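The structure under discussion appears below in the form of structure tokens.
Values below: every heavy atom of this structure, side chains too, minus hydrogens, waters and symmetry copies. None of these values were measured; they are calculated from a predicted model. For this chain, numbers begin at 1 and follow the sequence in order.
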Amino acid sequence: QVQLVESGGGLVQPGGSLRLSCAASGSDFSINAMGWYRQAPGKQRELVATITSGGASNYADSVKGRFTISRDNAKNTVYLQMKSLRPEDTAVYYCNALALLTGEIFGYDVWGQGTQVTVSS
């Protein structure tokens, strides 16, 4: 069993920056890909960024050039550095990981509980 815990959300002014973190914990597991998603009120959850175990990353067009995803494999932690934040970035941000439990062939999607990011004057 694997759990993800996000942190770093909060209130920031337009143009400001925040860094989100997400740590995976449990026993007898490994993590493959990790990513960040977000969901604003009344909208569908959307992909923000993903990163493979080797460090290859992908971004949604709306955040490309402003957000950076990174990971520390030794700590089973993924980060999302957000800069030049806009009001439209306001959403609950969710961490996601593809986890493999010891002895299992297939990975499982694991989700964090989410952290609120609000961009407002």
Side-chain angles (χ1 to χ4, degrees):
Q1 191 171 15
V2 180
Q3 298 82 41
L4 301 178
V5 179
E6 303 106 327
S7 62
L11 175 64
V12 65
Q13 295 186 86
S17 299
L18 284 174
R19 189 177 77 152
L20 308 182
S21 63
C22 170
S25 63
S27 60
D28 300 321
F29 76 95
S30 62
I31 298 293
N32 192 353
M34 302 187 78
W36 290 94
Y37 293 72
R38 67 185 182 186
Q39 187 169 25
K43 299 185 67 176
Q44 295 186 38
R45 187 173 299 186
E46 65 176 348
L47 174 69
V48 176
T50 60
I51 187 167
T52 69
S53 60
S57 59
N58 288 282
Y59 299 90
D61 288 341
S62 59
V63 307
K64 191 172 296 183
R66 300 188 298 119
F67 292 11
T68 302
I69 189 170
S70 61
R71 65 189 291 167
D72 184 338
N73 290 336
K75 297 181 178 180
N76 283 322
T77 300
V78 64
Y79 305 93
L80 185 68
Q81 179 66 55
M82 305 182 292
K83 65 178 182 180
S84 301
L85 283 162
R86 307 165 181 169
E88 52 263 43
D89 294 318
T90 296
V92 177
Y93 284 70
Y94 296 92
C95 178
N96 170 261
L98 179 62
L100 274 174
L101 302 181
T102 299
E104 296 286 340
I105 300 299
F106 299 101
Y108 298 90
D109 277 329
V110 183
W111 292 88
Q113 77 283 358
T115 185
Q116 177 71 47
V117 172
T118 302
V119 185
S120 176
S121 299

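Under a hydrophobic clustering in which Ile, Leu, Val, Met, Phe, Trp and Tyr are joined whenever their side-chain heavy atoms come within less than 4.5 Å, directly or via other members, Leu80 and Ile51 fall into the same cluster. Val2 and Val78 fall within the same hydrophobic cluster, where Ile, Leu, Val, Met, Phe, Trp and Tyr residues are linked whenever their side-chain heavy atoms come under 4.5 Å apart, directly or through other members. Using a 4.5 Å cut-off between side-chain heavy atoms of Ile, Leu, Val, Met, Phe, Trp and Tyr, with links allowed through other members, Val92 and Met34 fall into different hydrophobic clusters. Taking hydrophobic clusters as Ile, Leu, Val, Met, Phe, Trp and Tyr residues chained together by side-chain heavy-atom distances below 4.5 Å, Tyr93 shares a cluster with Ile69. Leu98 and Val48 fall into different hydrophobic clusters, where Ile, Leu, Val, Met, Phe, Trp and Tyr residues are linked whenever their side-chain heavy atoms come under 4.5 Å apart, directly or through other members.
Atom CE in Met82 sits 11.0 Å away from atom CZ in Arg19 (nearest 0.5 Å). Going from atom CZ of Phe67 over to atom OG of Ser84 covers 9.0 Å, rounded to the nearest 0.5 Å. Taken to the nearest 0.5 Å, the OG1 atom of Thr77 stands 10.0 Å off from the CG atom of Leu4. Rounded to the nearest 0.5 Å, atoms CG (Asp109) and CG (Asn96) are 5.0 Å apart. Note that the CZ atom of Arg38 and the OG1 atom of Thr115 stand 14.0 Å from one another [nearest 0.5 Å]. One distance of note links OG of Ser53 with CG of Asn32; it measures 4.5 Å at 0.5 Å rounding.
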| Given the rule in the side-chain contact (heavy atoms from CB on, under 4.5 Å) test, do Trp36 and Glu6 qualify, once you have shown the distances and angles that lead to the verdict? | CA-CA 10 Å; Trp36 290 94; Glu6 303 106 327; 3.9 Å; yes
| task | Show your reasoning for whether side-chain contact (heavy atoms from CB on, under 4.5 Å) applies to Tyr79 and Thr68. | result | CA-CA 8 Å; Tyr79 305 93; Thr68 302; over 6 Å; no
| request: Walk me through it: do Asp61 and Lys64 pass the test salt bridge (charged side-chain N to carboxylate O under 4.0 Å, His left out)? | output: CA-CA 5 Å; Asp61 288 341; Lys64 191 172 296 183; 3.7 Å; yes
| request: List the steps, then state whether side-chain contact (heavy atoms from CB on, under 4.5 Å) holds for Leu47 with Asn58. | output: CA-CA 10 Å; Leu47 174 69; Asn58 288 282; 6.0 Å; no
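For the pair Ala49 and Tyr59, the tightest heavy-atom approach, listed with the atom from each and the gap, is CB-CD2, 3.6 Å. Counting all heavy atoms, side chain and backbone alike, Ala91 lies closest to Ala40 at CB-N, 3.9 Å. Shown here for Phe106 and Tyr108, the closest heavy-atom pair between the two residues is O-CE1, 3.4 Å.
Looking at Ser17 and Val12, their side chains never come closer than 4.5 Å, going by heavy atoms from C-beta outward.
Among residues two or more places apart in sequence or in another chain, the ring pair (Phe, Tyr, Trp, His ring centres under 6.0 Å) test is passed with Tyr37 by Trp111.
Summarising the local packing, CD of Gln116 is surrounded by more than 12 heavy atoms from other residues, nucleotides or ligands at distances under 6.0 Å. Atom CD of Gln44 is surrounded by 12 or fewer heavy atoms from other residues, nucleotides or ligands within 6.0 Å.
Between the side chain of Thr90 and the main chain of Val119, a donor-acceptor pair closer than 3.5 Å is present.
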